[in-house]
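Quick note on labels: first sequence line is chain A, next is B, and so on, each numbered from 1. Below, all heavy atoms of this structure are taken into account, side chains as well, without hydrogens, waters or symmetry copies.
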Number of protein chains: 2
Amino acid sequence: MLRFAHRRASREFTEALRPLAIEGRHYGVLLSLGLHGSLSQRELIDRTGSDKSGMVRTVDDLEARGLAVRRPSPADRRAYAVELTETGRALHAEAGRIADSVAARLLDCLSEDEQSTFCALLERFVTADTT
Amino acid sequence: MLRFAHRRASREFTEALRPLAIEGRHYGVLLSLGLHGSLSQRELIDRTGSDKSGMVRTVDDLEARGLAVRRPSPADRRAYAVELTETGRALHAEAGRIADSVAARLLDCLSEDEQSTFCALLERFVTADTT
DNA sequence: TATTGTTATACTCTATAACTATA
DNA sequence: TATAGTTATAGAGTATAACAATA
């Protein structure tokens with residue numbers, strides 16, 4: 001069921017983000033950068049669940065489209081500080097509106113109380129991941 | 001969150017099924033065949049969410065390991081009737097025990113009532129998939 | 001015409017490992 | 001020694017399309 005649930009959500013998000021010409025993995029990075037301002041690729045990996053190779057490509061994509069930039073990290077010369085550009089912030093805001101409406105539509109099959117319960121239980125299920 | 005939830009469950013199931021030398025996609029087919037006795041590949045696709053190409057490979061694997069056989073379908077000469085062998089039924093039972101214990105462990109972070117609620121809401125979320 | 005199963009292609013995701021430059 | 005980022009490779013999943021046999 002989790003597989004089908006993830007697939008349903010993923011398909012809807014991908015479809016809704018298509019007009020912005022970004023995919024879920026790009027939105028995940030935009031979202032993290034929107035919240036934290038500046039993150040290393042390592043930190044982005046931890047927050048999005050991607051891996052090293054994938055994150056390189058995703059940040060490459062965003063940089064090529066002028067949505068993010070790689071600056072030298074002030075604290076660690078090995079690392080980059082990935083940051084949103086002005087264009088990136090605008091797209092992040094737009095994508096956020098789209099994502100919110102998709103989420104609302106996906107959860108429309110549940111009452112408001114059930115939506116809260118579902119999200120809370122889901123979060124506990126995910127957080128229990130201390131294998 | 002659904003992505004992380006699915007990944008968590010998938011990783012645990014894959015790991016637990018490793019001793020039986022089968023993967024999740026094989027177990028999905030064993031499970032469906034265990035419930036219905038005999039199914040065409042088309043029906044297996046609908047029940048497992050796989051696609052044509054993947055199902056061909058999965059049934060190939062099961063047949064090569066002597067867990068399932070492709071018989072001619074009595075009703076439709078285009079289709080196969082995929083069925084479990086004796087060995088397949090035994091492995092299905094063994095895999096079922098393993099899967100149950102994994103599911104119990106995954107849901108251990110929730111109380112019994114919460115487990116029922118979670119599964120019920122998840123099922124409604126999935127079933128609402130009438131895009 | 002549409003469908004079952006097969007095969008082939010391609011793209012993404014994931015996992016790995018090797019490599020550099022730093023720490 | 002370990003980590004950040006890059007690059008490369010390979011396996012699995014997914015999406016396509018073409019095809020033969022049959023409905």
Side-chain angles (χ1 to χ4, degrees), chain A residues 2-15 17-18 21-29 32 38-64 68-83 129 131, chain B residues 2-4 6-15 17-18 21-29 38-64 68-83 129 131:
Chain A
L2 286 170
R3 178 156 164 256
F4 284 111
H6 170 245
R7 189 186 297 192
R8 177 185 178 218
S10 176
R11 180 170 5 102
E12 296 290 321
F13 277 110
T14 302
E15 183 66 27
L17 290 175
R18 196 185 306 277
I22 59 172
E23 300 167 26
R25 60 198 175 94
H26 302 113
Y27 178 61
V29 170
S32 297
S38 174
L39 292 169
S40 69
Q41 291 184 197
R42 173 75 253 163
E43 291 168 318
L44 284 170
I45 288 166
D46 293 337
R47 279 175 173 76
T48 62
S50 178
D51 67 341
K52 286 186 183 185
S53 334
M55 188 51 68
V56 169
R57 284 185 308 237
T58 303
V59 176
D60 282 350
D61 292 346
L62 295 177
E63 207 166 27
V69 288
R70 277 188 253 238
R71 303 193 187 285
S73 165
D76 188 335
R77 276 192 293 172
R78 293 172 304 178
Y80 290 125
V82 184
E83 300 174 9
D129 188 1
T131 311
Chain B
L2 286 171
R3 179 157 163 254
F4 285 111
H6 170 245
R7 191 186 298 192
R8 179 185 177 219
S10 175
R11 179 170 6 101
E12 296 291 321
F13 277 110
T14 302
E15 182 66 28
L17 290 175
R18 195 186 307 278
I22 59 171
E23 301 166 26
R25 61 200 174 94
H26 302 113
Y27 177 60
V29 170
S38 173
L39 292 169
S40 70
Q41 292 184 197
R42 172 76 256 164
E43 292 168 319
L44 285 170
I45 289 167
D46 294 337
R47 279 174 173 75
T48 61
S50 179
D51 68 340
K52 285 184 180 186
S53 332
M55 188 52 68
V56 170
R57 284 185 309 236
T58 303
V59 176
D60 281 351
D61 293 346
L62 295 177
E63 207 165 29
V69 288
R70 276 188 253 237
R71 301 195 189 284
S73 165
D76 186 336
R77 275 192 292 172
R78 293 173 305 178
Y80 290 124
V82 184
E83 298 174 10
D129 189 1
T131 309

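The side-chain hydrogen bond (donor to acceptor under 3.5 Å, both in side chains) test applied to B:Arg7 returns no partner, not counting sequence neighbours. Remark: A:Asp60 engages A:Arg70 in a side-chain hydrogen bond (donor to acceptor under 3.5 Å, both in side chains) (not counting sequence neighbours). Residues satisfying the ring pair (Phe, Tyr, Trp, His ring centres under 6.0 Å) criterion with B:His26, sequence neighbours excluded, are absent altogether. For the side-chain hydrogen bond (donor to acceptor under 3.5 Å, both in side chains) test, residues two or more places apart in sequence or in another chain that qualify with A:Asp76 are A:Arg78. Scored by the side-chain hydrogen bond (donor to acceptor under 3.5 Å, both in side chains) test, B:Arg47 finds B:His36 as partners (sequence neighbours excluded). Residues satisfying the side-chain contact (heavy atoms from CB on, under 4.5 Å) criterion with B:Ser38, sequence neighbours excluded, are B:Ala81, B:Glu83. Legend: residues meeting salt bridge (charged side-chain N to carboxylate O under 4.0 Å, His left out) with A:Arg3, ordered by chain and number and at least two apart, are absent.
Taking the 5' to 3' direction, DNA chain D first and last meets chain B under 4.0 angstrom from a heavy atom at D:dA12 to D:dA23.
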- Give the B/S/- string for nucleotides 5-15 of chain C, one per nucleotide from 5' to 3', where a protein heavy atom under 4.0 Å of the base yields B, of only the sugar-phosphate yields S, and otherwise -. BBBB----SBB
